[in-house]
Every structure is written in C-alpha cells, then in structure tokens.
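Keep in mind that the numbers below use all heavy atoms, side chains included, and drop hydrogens, waters and symmetry copies. Proteins get letters first, then strands, A, B, ... in listed order; numbering begins at 1 in each.
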Amino acid sequence: MPTQFADLPWLTILIVVPTVVAALIWLVKPLRRAARPIGLATSVLVLIGVALMAGAFETADAAEVQFTQTVDWISAIGASYAVGVDGMGLTLVALAALLVPVVLIAGWNEVTLPSGIAADRAEDSLAYRRAGFVSLVLVLESLMIAIFAAQDLFLFYVIFEAMLIPVYFLIGVYGGPNRRGAALKFLLYSLAGGLVMLAGVIAVYFQTDGGPGTYLLANLGDIASDNPTLQMWLFLSFFIAFAVKAPMFPVHTWLPDAAAQATPGTSTLLVGVLDKVGTFGMIAICLPLFPGAAATAAPVIIVLAIISIIYGGLVAIGQNDLMRMIAFSSVSHFGFIVMGVFVGTQTAMVGAMLYMVAHGVTIAALFLISGFLTQRGGSQDMRTYSGMQRVTRVLAGTWLFAGLASLALPGLSGFVPEYLVLIGSFEAHWAYGAFAVIGVVLSALYILLAYQRVFTGPVPEAGAPVELTGEALDVPDRAGLKDLTGREKWAIVPLALVVLFLGLYPAPVLELLSGVADQFAAILGSAS
Amino acid sequence: MNQFVPPEIDWAALSPVLIVLGLAVVGVLVEAFVPMRARRATQVVLAVVGVGAALVAVAWRWVVVQDEGPTAVVAGALREDAPALLAQAILLVCAFVGLLVIADRSSGEDAFAPAAAAIPGSAYEAEARKAGLAQTEVFPLTMFAVGGMLVFPAAADLLTLFIALEVLSLPLYLLAGLARRRRLLSQEASLKYFLLGAFSSAFFLMGIALLYGYSGSVRFDELATAVPATSGLDGMLLAGVLLVIVGLLFKVGAVPFHSWVPDVYQGAPTPITGFMAACTKIAAFAALLRFVYVVVPGLQWDLTVALWVIAILTMIVGTVLAVVQTDMKRMLAYSSVAHAGFLLLGVIALVPSGISSVLFYLLAYGLATVGAFGLLTLVRERDADGNVTGEALHLSQWAGLGRRHPVLAVCFTLFLISFAGIPLTGGFIGKFLVFGAAIEGGAWPLVVIAVLASAAAAFFYVRVIVLMFFTEPAGTDADPGTTVVRTEGLTAVAVVVCAIGTVLLGVLPGPILDLTASATKFML
C-alpha cells in the first residue's frame, strides 16, 4: 500500500460522510425521494472504505492502535478528538459497516405511512418518513464507527450518550403499536446508566494531573491504583452503564420491549451493534483503567453472567412473541461474552471478542428474516403460525440456517467463539464452564422449539381462528404468503456468507483479535 | 473629625451600567414626547442598541482589565474583575436575545396588555385593544431591570447589592403583571412576586444590619477580614450571612424559597418569563458567587450543612414536581428550580473552577431558556372562529407538533436536551464542569444526587419530545387546534441564535472555556 493511502484520516472520513449525507437527505427536499438509493450507496461506499482500511491494517501489530488521528478538542478539560482502531475496534467497525447496508436493503419498504394521512399528501409524507429513517440510520452509522474508534474517554462518553438520540427516534417513530413506551424505557435506562458513568468520567479527571490530553486512553491507565475503594466505585460507575447497554441481568429489561416494538432493521442495529458497545467498553475501558477493581469484581460479574446465560435462555423458551424470543436469546449470548471477558484467560477473551462479531451477524439474520415473516403474517405471535416451511420455503430455510448458527452448530459462525469461551472458562474454573454449558443446551431448545412452532406442522386453514388463552385471533390466509423476494434474498446473502466464513475459516479474524486479547487478558491476569 | 473626601469615580469602568440606565431614562422621555406611531419603533431600537452598546463596553473593559488587572470602583462599592465582567457579558447576551423576543409582535400584537391599568374584561380594555394601544413602557422597564442586574455581579458591598436588587426587582414585578391574555393570572403573579420579593428584601436587609453590627462595615472585603478576627459574636455573623444568602436564594428560586417561581413564570407574559428566568438567575448567581467566595470561606464549617441541605432539596423538589406538571411554563419553572440546585453545586464547591463552571453553566442555561420560552410564544390556540388566541401551554396541545412544524420542534428538542444535559449541547458541558468543580471541592455525595436527579429530570424533558414527535395530533389536518404563528422575524432570530449558541457551546466550547478559565478569582 502506498503510504499516502494509509495516511489519510480514514476514520474521520468514514465518520463524517454518513452524517453529511444524512443531513442532505433530510434537509434538501428533491433528494428526499431518492433517499433510499442515496443512503444505500453511501453505506456501501463506507463498507468499501472499511474494507480498504482493513487491507491497509498491519495485522502483525493488531494489538497496536492504528490509523490514529489526534486533535485537541476542549483543552480546558483535557478532551481530545482522538480516533484509531486496534484489531478489535477494526472488526467491530467492519461489523457496523456491514450491517447498515444490509438493514437498508432489508428494510427497503419497511417504512410505511401511518393511518389518517390525506391521499393528496401521502406521497410527500411517505418520502419524508423514509428519508427520516435513512438519515437516522446513517447518523447512527457515523456514531457507531466513531465509538469503536474513540481513543479518548471524554469523546467515548459523548458519543455513548449522543447515540441514544437517533436510536430513540428510530424506535419511537418507526416502531410497532407500543413503540412510545419502549422508546422511553430504552432512553431512561440508558440515560440513567450514562449519567452514572458521567460522574465516573469527571472523577477520573481528578485522579490525573489534568492538562491537555488528559482523557486520551493512551494516557490513562490504572486509575487510583493506590486507593482500591475509590477504584472500585469508579469501576462500578462505568460497569453499570455498560451492563445496561450490554444488556446483562438484572438490567436487561428494556431490551425485549425495545426489540419487539422497533422495526426489525432497528432491532438489528440495536442488538447487533449498539449493545456491543457495552461489552466493548468493558474490555477497552474497564479493564485497562481499573484492573484491580475488575479483578476483584470478576467473580460477582461472572455469576451475573451465568445467571444471564441461563435466565435468558429459559425466558426465551417461554416467549410467544418471536422478536422477544430473539431478544432474550441475546441476553443469554451476552452472558457468554461478559463471562469470556472477565474469566481472565486469553482463550476466553479471544472467544468473547469473536463472539461479538459472530453474534452481530447471526442476530441480524434472525431479526431480519423474522421481520420478513412477521410482515407477511401481520403478527409477531408465534402461536398464530404453523407449517410455514411448506408455504415460504426459502424463508424457513434461511431462518433455520441463522438459528443453527446462533445455537453454535459446528461449521457455522456461532461455534468457534462459544467453544473458545467455554474452553477458556474451564481453564479458569470448572464450575464456570459447567454452568455455562447449560446455556448451550437451552439455546438449542429455544431455537428449535421456535422453528417447530412456526415452520412445521399443518398449514392453518384460512379464516380459522386460533385459540389462544383468553383471546381468539383470526388468522389471515397464511397459505397464500409469498416467499422471499429477490431484494430480501440479497439482504441475507452477505450475512450468510459471513456466517459460513466465520464458521469454516475464522483464522484471519482470530489473527486480528488474538494480539488484542493477549493484552487485555494479561491486564486481568496480572491484577488478580 | 473625618474630612469628607469625594470618591474618585472611574466613569469608564461604569460605562456598561451607565449606557443601559441612561438609555432607560431616555426611554421614559420617549414615552412622554415621541408620538404614539413612532414610539414603539424608537423604544425597540433604543433598547436593542443600548444592550448591544453595553455589550461592546463590557468587551472593552474586559480587555482593559486583562491588561491592567482588576480594580475597585466607586470607593470600593463595585469591583471590576474578570468574573464580574464575564457575568455581565453573559447577562447582556441573554438580555439581548430576550429583548428580541419581547419586541416581537407575532400574529400582529405583542404579548402585553394594551392598557395595563384597565380592569381585566372591562369596556375600557376592549376600547384600548380596538384602538391598538400598546404599553411600550415595557422597554424602559426592561432596561432598568438590566441595569440593576449589571450592578449585581459587580457589587462589593451589601448596600450596593441591596439597591441593585431593588432596581432589578421592581421593574420585574411590574412586567410580570402585563400579560395581554389571562390577565388575572398575570396580575396575581405580579402581586405574589411583589409580596414575596418584599419579604425576601426584608430578610436581606436584616442580614445586612446584623453583619454591620458584627463587623462595623457593609463591604465584602472588610467583612472577610473581620470573620476570622472577631470572636464572640458568631451568632450575629452566622445569622447575618444566612439571611443575606436567603435573600439571594430567593431570587435564584432555590427550595424552600421557590414557591413564587411556578406561579410567576406561568402568569407573566411569556417573553418576560424567558428574560426573567435567564437574566435574573445569571445576576443572582453571580452575586451569590461573589458573596460566598469572598465572605464565606472562613465560615465553611458552619454553613456547609445549610447549603448542602438547600442544594439537595432544590434538586430533588425541582425535579420531582416538574414530573407532574401539565403546563409547559410550570414545567419549565420547576426545571429551572432544579437547575438552580445544580448551579448551587458549583457555589458550594468553593474551588476556583467553581466560579468559571457556574458562569459557563449560566450561559448555556440562559440561551436555552430564552430560546425555549421564545418558542412557547409562537405556539398558539385558535378559537372557534379560527382567530389566533393565547399560547397553547397544555402539554397535550403540543402533541404531533413535530410533524407539522419540524424546524420548531427540532429547535425545542435541542433546548430540552441541553436542559437534560445530553452531550453535544451546552447544557452537557455546563453540567460536566459544575459536577467536576463539586467533586474537586469534595462534594461528591451532592454529585451523586445531582446525577440521579438529572436522570429523573430527563423523563419530563423527553416526555415533551415524545409528545411532539411520536404522538398523533389531537385535531384534524384542517383544524389542528394548535397553531404556530408567523413571527415578525425577531423571535426567529432569537431562537436561531440560541440554538446555534447551544450547539456551539456543546461542540466547540473551547473559546468560551478559555474566557471562563480566566475568571476564577474574585478581587477581594
């Protein structure tokens, strides 16, 4: 690679471009009608940019932060604009850049008009709503790239909070019937966590010498090491915010509501990428800044993670709402990731990092394909479906494929990371691994049971009411539902390819992650 | 015995105050001599130019003070130092945008009663309205208030402070009673404000008397030296300091001296509410800062408990009561009470960064406040005949506003998230700095409470956003019930300035932070 190429401020460009395009689509009226193609083209360009960047990335030094750019921002409080990625940051940026175009393709016709709009204004308001959706997704893309690239604690915090706003509007404007409550719940949970973190961010400042560049992650390390109590409080102020985001038991309750009410595209970005910010923060911020406290708290956190794994799995089995089932399955999966981060072995740490990417892809496929189904069927209630594999064959097949990847079938993306986390946990303590294995069994149950309920059995006759407890639903004509269209297939193809790639040949990605994992696992190891 | 020496007066240092008060007096003459047709335009120009000129004068004095150091002015009654000048500048900026909103005549009429002396609902009032009368005294009154506010942050003796307090308060009592609509409510607000204000003035005076008895002086510097030196009169000193602080806390709207806030904010004409909410708070906090930072340090142990309790109460009561409000103005009033609590954190911190952080917070808060109240003046009700009437202030009337008036709704959202302290707005940086100062000053339990209160406060700010964007409007497309009036442009300018300021303070606060960073020390 020529050096000029690598010297360009790649990350800044990738951060700025989507936001600028988003502003243009939203503000310039003539562009609104073409919002979807423009948005898609932008996100594909960003994906290409990330691919080029990955090509120029020095894999041998994957543990080092590369493509760095540092500019003094608010020198009075020691905040800088500093971006750069190590191997983990790069893979997560790539995940975000991959999912955005997929979501845009999958949700091409997802945004519809609310009822009660006069016919003569319908076209205009539809274009406006669609432009709004695309703009919000693009703004979110900027923020997602920025947060995984942030190398300054203050910048990280600012993006962490700023991200809430587009997500809030994505859920609240474009979601299902109870979207307002879900959006509010999401916002209040996240804000409460974020403000606690704010107290931590401020307190960190007073543990340093102050001055410009104070908040650069490179300059921060082992805060308040001589005062374990203070460090524990600081650690908690950050950890709670990340746990809400992740989401971990017992602060996960916002997620099922948000996922069930948001459009499948929003849920995909929310669970697929945004929630990874929580686990990303645990690794990139909690561990290096508060190693002693992290090591002390690790056993408690691991217990909570195991509860998340088992509780999430059990509750997922009991769900009737397809989207809520997937959301609870994520709670279970995030338990695995958190456990991998805190058991303190290198194997588990690599596993946790790879898990973040793999989970992002499979959950995207599950949410999107389930979205295709529920859009056709007009209901998210699994009890109203049966025998769909005879009606929509490709849809059923791809759903099963994604589900199998999610339950860690060997050869698909879920297997390697789950295996690594389990091995690493056994290395640390047999009990950790033993309990976590239950989660594997549960995941098979909730995925296969859901498949059985929705896709197998007889096709219900049109108009035959389904007896539900307390309510009878008139089932529409399910036999006439169309299978996946070309556009929908094209949205799933890239995901399926990545699932296969991560399952069959994860070596290149592992290479990116293992150096970083060594580093972070060593922090925890030496502290305990 | 003592020969009387006339004080040397540095007229240049007084120039900002002189400009504002001088033009206020000219404004009174305009009322008397300029024909009615030209009166309004003259008043508006006078007021806007006056505040602008005062701002320039403050900037000039800032440069002088940076070069030559702070000075005592008018025989020590005033101090010209960095915090005072900066507070004056912030005040004038907010007063400037506030004046634009006051001067705006949306839907063809201003926000003030055509004849304030008329009995509400009387035939005379109807006549006055028909004749198109206007109470243009609003502008000189506002200017007098601004003049008093300008003295407030610089006052370095208690009597000057008291006179400034009265000069800024009396016009506000009047202005609060001038609303064009809901006049009884407005007059009630005025009376309530006046009575409670008189009460607090009495407290304030009693405090001055006690302090004079204790130290033999009303000057801050002599008080400060007397505090550690005099013994045996602690009771008098503490009571005096507390009473003076109570007088200031009343103006700030801290709990338990806040009971006037919701009623007055609700009853006063909305442009005046915005002006008052922003500017009074700036002036009062600047004065409170000077008093506390100069006089109190020696008394820390005795006063901390009281100040902590007040700060905690203010944050909690403001937040909790704001949650249950259904009227926009009352909600913003309680939110301003909560903000007073957050600001008190910086006052209590008693560290140099406390001064600069409070000043920054005041600027961010002031801009968002003027902007938010400015927008309130544009959202109106419509009666059965389709005529535009008063402001639509019930929360439910704002439902679906984002769909019909996206720009207005986005601006309002911006101000709300600045109030809530979400990043990339000025409110966030302000909170960050004030909480930081409090932690530095060892008041971390207060910060924990403040953080929790902020999270709870987000609820009622967000509720309005939900209403505007996510809720279906109540009326039909043809008759929305709530309507947004076109402005003459002045309010639009003010709102845009406030919005841009709010974003800039959040994204690129560097230059302003450099300014506030030089204002960390009061001249003794």
Chemist: Using heavy-atom distances under 4.5 Å, tell me whether A:W26 contacts chain B through its side chain, its backbone, both, or neither.
Modeler: side chain

Chemist: Start with the C-alpha gap between A:V83 and A:T12, add the side-chain angles, then the distance that decides, and say whether side chain to side chain contact (heavy atoms under 4.5 Å, CB included) holds.
Modeler: CA-CA 8 Å; A:V83 288; A:T12 306; 4.1 Å; yes

Chemist: For each of A:Y205, A:F160, A:Y168, A:F169, tally heavy-atom pairs with chain B at distances under 4.5 Å, and name the one with the top tally.
Modeler: A:Y168

Chemist: Checking heavy atoms, do the side chain of A:F154, its backbone, both or neither come under 4.5 Å from chain B?
Modeler: side chain

Chemist: Go through B:I465, B:V462, B:L424 and name the one with the most non-hydrogen pairs under 4.5 angstrom from chain A.
Modeler: B:V462

Chemist: Give, for atom CD1 of B:I449 and atom OG1 of B:T319, the distance between the pair rounded to the nearest 0.5 Å.
Modeler: 11.0 Å

Chemist: Identify which of A:A162, A:G172, A:A192 forms the greatest number of heavy-atom pairs closer than 4.5 Å to chain B.
Modeler: A:G172

Chemist: Quick one: pull up OG in A:S267 and CG in A:L274 and give me the separation to the nearest 0.5 Å.
Modeler: 11.0 Å

Chemist: Which answer fits A:I165, side chain, backbone, both or neither, if we ask what part of it has an atom under 4.5 Å from a heavy atom of chain B?
Modeler: side chain

Chemist: Can you confirm whether B:L395 sits close enough to B:M328 that some side-chain heavy atom of one is under 4.5 Å from a side-chain heavy atom of the other?
Modeler: yes

Chemist: In this structure, are over 12 heavy atoms from other groups packed under 6.0 Å from B:W444 atom CH2?
Modeler: no

